[in-house]
Number of protein chains: 2
Amino acid sequence: MTKVGIKEIAAKANVSTATVSYVLNGTRNVRPKTKERVLKVIEELNYRPNDIAKSLKSRRTNTIGVIAEDVTVFNVPEIIDGINEYADEHDLHIILTNLRLHRRVGHNYSNVDAYRKYAESAVSDLLSKQVEGIVYIGVHPRDVTGLVNTYGKPIVYTYCYTDQDVSIQYNDEQASFDAMQYLVDRGHKRIAIISGLMDSTPSRLRFNGYYKAVTEFQLPFNPQYIKIGDWGIDSGYQLTKELLSLPEPPTAVLVMNDVMAVGTLRAAAECGFQIPRDLSVVGFDNREFSDYLNPRITTMDLPLHEMGYSSMNILTGLINETEVKQEVQPLCKLLERESVAPPRQE
Amino acid sequence: MTKVGIKEIAAKANVSTATVSYVLNGTRNVRPKTKERVLKVIEELNYRPNDIAKSLKSRRTNTIGVIAEDVTVFNVPEIIDGINEYADEHDLHIILTNLRLHRRVGHNYSNVDAYRKYAESAVSDLLSKQVEGIVYIGVHPRDVTGLVNTYGKPIVYTYCYTDQDVSIQYNDEQASFDAMQYLVDRGHKRIAIISGLMDSTPSRLRFNGYYKAVTEFQLPFNPQYIKIGDWGIDSGYQLTKELLSLPEPPTAVLVMNDVMAVGTLRAAAECGFQIPRDLSVVGFDNREFSDYLNPRITTMDLPLHEMGYSSMNILTGLINETEVKQEVQPLCKLLERESVAPPRQE
DNA sequence: CGAAATTATGAAAGCGCATCCAAGAATCAG
DNA sequence: CTGATTCTTGGATGCGCTTTCATAATTTCG
């Protein structure tokens with residue numbers, strides 16, 4: 001099985017290498033007879049074009065670099081899947097770089113400097129590989145402004161915020177507002193919120209959505225209904241306990257991720273609050289387990305697939321310098337399940 | 001920002017392109033003075049080597065193709081992470097192809113022919129990209145013998161079985177036996193099993209482990225304790241109900257995945273069985289949610305990361321034709337949590 | 001039927017780099 | 001100081017392909 005190239009094909013088919021190239025790529029008209037002859041030899045010799053050589057000459061690799069901060073984090077695979085769908089449709093290849101931040105710098109991603117070196121080295125490798133653009137997938141929707149220099153190659157960030165480059169992120173504020181509206185529609189007025197850490201942009205945006213709803217729907221604004229968690233299960237548990245021991249506990253709580261909502265469920269059970277009868281709960285993220293809990297949690301589904309797909313769409317626009325499409329911000333969608341009911345009559 | 005190559009460097013540093021190449025790769029001694037001069041120009045011109053050209057000439061791409069049947073399935077990201085760890089350590093790159101079987105052929109992967117074309121096209125693309133080897137990640141640990149022809153390039157399968165090529169899979173039988181041993185050690189004798197579909201190799205292997213334990217520990221063998229589920233939550237629910245309505249219900253049940261175990265929990269709650277007091281449960285897979293349930297499920301953790309890492313290790317051995325290492329079969333590890341207790345005195 | 005228009009093919013250059021072959025510069029032994 | 005030895009550098013080739021420029025084959029049509 002010796003290496004067979006365009007040259008061998010040409011020789012055996014009695015044509016020039018140019019002709020072989022033309023039939024291979026359909027770049028130029030070739031007489032049907034000649035074409036057939038070449039094709040036959042290609043078949044016989046089981047020829048497979050060498051994309052490396054092709055790329056060197058044509059200066060196109062049809063390859064996109066994808067940098068994921070950590071593929072093991074729940075949101076990432078679905079985003080990658082969206083990227084893949086686009087790639088399949090457009091005959092693009094994906095080189096995946098997994099920064100493995102989780103393992104390398106732990107869970108504190110707030111200090112961008114701590115992992116910039118990994119990101120930069122990843123970008124550098126990708127540029128050497130001649131990718132035509134880069135998609136950067138964060139694991140927390142936080143601010144990564146000025147993270148890496150791509151030396152002119154287009155880059156699109158997703159699942160994180162940046163103001164120097166393009167970034168695709170769902171509408172956090174809207175999602176939060178929508179959840180509130182859903183609760184209000186069912187008659188709730190005393191609605192608490194368990195937020196994530198406030199150093200995170202989406203926490204602030206989601207809080208904005210909450211506050212906007214409070215104002216717009218003229219809900220009672222009770223500072224004690226506002227709790228700041230740390231995204232972890234224990235803080236959900238702890239803060240829910242605080243909420244439920246209030247003289248006038250809320251009838252519903254908006255929890256900024258499903259993990260904390262698990263804590264909420266536990267706390268409610270311990271305090272003798274039945275969900276949703278005594279307390280309605282809306283989560284965020286639509287984690288798989290939210291459907292396995294008892295009750296099944298009503299939660300905000302994130303448009304992850306769309307974010308991946310859309311990132312690629314924008315990116316290829318940048319690459320080909322075609323008309324920059326109007327970016328439509330992907331929207332979250334509330335998944336109705338069992339953790340919300342109207343408030344009890346008092 | 002015009003393209004700068006080795007040639008421009010050479011010109012500006014007053015050396016030949018050969019010399020530049022030598023300092024770049026350290027392939028040959030270069031006088032420190034010359035070296036420094038070249039390095040300085042490289043710095044100044046912000047030169048970045050072109051891996052495409054490099055690969056064409058050197059005939060090495062340092063690139064491994066990874067084919068995942070579906071990246072959104074729970075086991076895959078962790079395997080990829082293991083692959084990445086190895087790749088990082090050995091300066092290898094990963095081209096990821098996501099077959100997206102989930103979306104393209106639904107959940108029935110038993111008919112290999114249904115998706116062979118996708119696999120073959122993926123392999124073909126990867127070979128054109130001149131990958132040095134391929135890792136194939138299944139989503140069900142099933143038999144994929146003879147799936148694709150790689151035309152001589154090494155391929156390693158993981159999370160699936162094949163007997164024509166190398167495949168890395170954890171020891172299913174052992175895992176099942178270990179779980180049984182754990183239960184027996186705590187005093188259980190009447191142990192039921194809820195298996196997955198029997199068309200799957202691991203189901204059979206795990207059943208073997210169960211049966212081996214029954215024999216070895218001289219447990220009562222009750223055919224009614226053997227239930228065949230379909231991996232889904234409902235079947236776990238249904239079969240547990242059947243188990244619990246037996247005249248002499250089991251004191252423990254080994255459930256072949258955590259999803260079905262969720263059904264077990266629900267059924268037990270409905271039947272007034274308290275877990276673990278009235279029924280001990282051991283799951284499989286260590287899904288994230290198994291730690292969020294009430295009680296937290298004791299489950300078999302799969303060595304996914306190790307499988308990825310190990311696959312790469314074996315694969316690079318194949319590529320470099322070094323001594324083929326003795327394959328050590330990765331082992332599952334029981335995660336003790338709250339769903340197992342000694343049986344009640346009767 | 002023959003010249004012009006059209007279509008099909010080839011020869012060769014070169015993408016950016018690694019590396020072989022040879023030669024020049026520096027160093028050393030005596 | 002000279003020839004032998006070692007260290008350092010360059011010229012040139014080619015990896016497998018695309019593409020330009022030029023030429024040959026075929027068709028069109030007056």
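Sequence lines set the chain letters: A, B, ... in the order given, protein chains first and strands last, and positions in each chain run from 1.
Side chain A:Tyr22 to base C:dT7: no donor-acceptor pair is found below 3.5 Å. Residue B:Arg28 places no side-chain atom within donor-acceptor reach of the base of C:dT19, judged by atom type and a 3.5 Å distance cut-off alone.
Within the structure, every side-chain polar atom (N or O) of A:Ser16 is placed at least 4.0 Å from both OP1 and OP2 of C:dA11. For C:dA18, the OP1/OP2 oxygens have no side-chain nitrogen or oxygen of B:Ser58 closer than 4.0 Å. For B:Asn29 and D:dC7, the shortest distance from a side-chain N or O to OP1 or OP2 is not below 4.0 Å. Contact annotation: B:Thr34 side-chain N/O to D:dT8 OP1/OP2 distance is not under 4.0 Å.
Whole-Å rounding puts the A:Ile52 CD1 to C:dG16 C1' distance at 13 Å. In this structure, A:Arg60 places its CZ atom 16 Å from C1' of D:dT19, rounding to the nearest Å. The CG atom of A:Leu24 sits 12 Å away from the C1' atom of D:dG16 (whole-angstrom rounding). B:Lys54 has its NZ atom 19 Å from the P atom of D:dG16, to the nearest Å. The OH-C1' distance, from A:Tyr47 to D:dG16, rounds to 7 Å in whole Å. For B:Arg37 and D:dT9, the CZ to C1' distance is 11 Å, given to the nearest whole Å. Atom NZ in B:Lys57 sits roughly 14 Å away from atom C1' in C:dG14 (whole-Å rounding). Atom-to-atom, NZ of B:Lys7 to P of D:dG11 comes out at 13 Å; the value is rounded to the nearest Å.
Between B:Tyr159 and B:Phe74, the ring planes are perpendicular. Angles over 60° get that label, and only those under 30° would be called parallel.
Residue-level contact check: A:Val30 touches the backbone only, with heavy atoms under 4.0 Å from sugar-phosphate atoms and none from bases. Residue-level contact check: B:Thr19 touches the backbone only, with heavy atoms under 4.0 Å from sugar-phosphate atoms and none from bases. Across all strands, B:Val15 comes closer than 4.0 Å only to sugar-phosphate atoms, never to a base (heavy-atom distances). Here A:Asp51 lies out of heavy-atom contact (under 4.0 Å) with every strand.
Comparing B:Ala18 and B:Leu56 by the nucleotide of DNA chain C whose heavy atom lies nearest to each, the residue mapping closer to the 5' end is B:Leu56. Both B:Arg31 and B:Asn50 sit near DNA chain C, but only B:Asn50 has its closest nucleotide nearer the 5' end. Both A:Thr17 and B:Lys35 lie near DNA chain D, and the one whose nearest nucleotide falls closer to the 5' end is B:Lys35.
Among the nucleotides C:dC15, D:dC17, D:dT18, the one closest to any side-chain atom of A:Arg59 is C:dC15.
Test B:Tyr157, B:Tyr161, B:Tyr115 against B:Tyr136 for ring-ring contact (aromatic ring centres under 6.0 Å, His included) and you get one pass: B:Tyr157. For the side-chain contact (heavy atoms from CB on, under 4.5 Å) with A:Val38, the qualifying choice from A:Leu24, A:Val23, A:Asn14, A:Val30 is A:Val23, the only one to do so.
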- Start with the C-alpha distance between A:Glu36 and A:Leu39, add both sets of side-chain angles, then the distance that settles side chain to side chain contact (heavy atoms under 4.5 Å, CB included), and finish with yes or no. CA-CA 5 Å; A:Glu36 201 182 340; A:Leu39 251 19; 5.6 Å; no
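For the pair A:Arg48/B:Tyr151, a side-chain contact is recorded, criterion being any heavy-atom separation below 4.5 Å from C-beta on.
Ionic pairing of B:Asp70 and B:Arg103 is not present here: no N-O contact between side-chain nitrogen and carboxylate oxygen is shorter than 4.0 angstrom.
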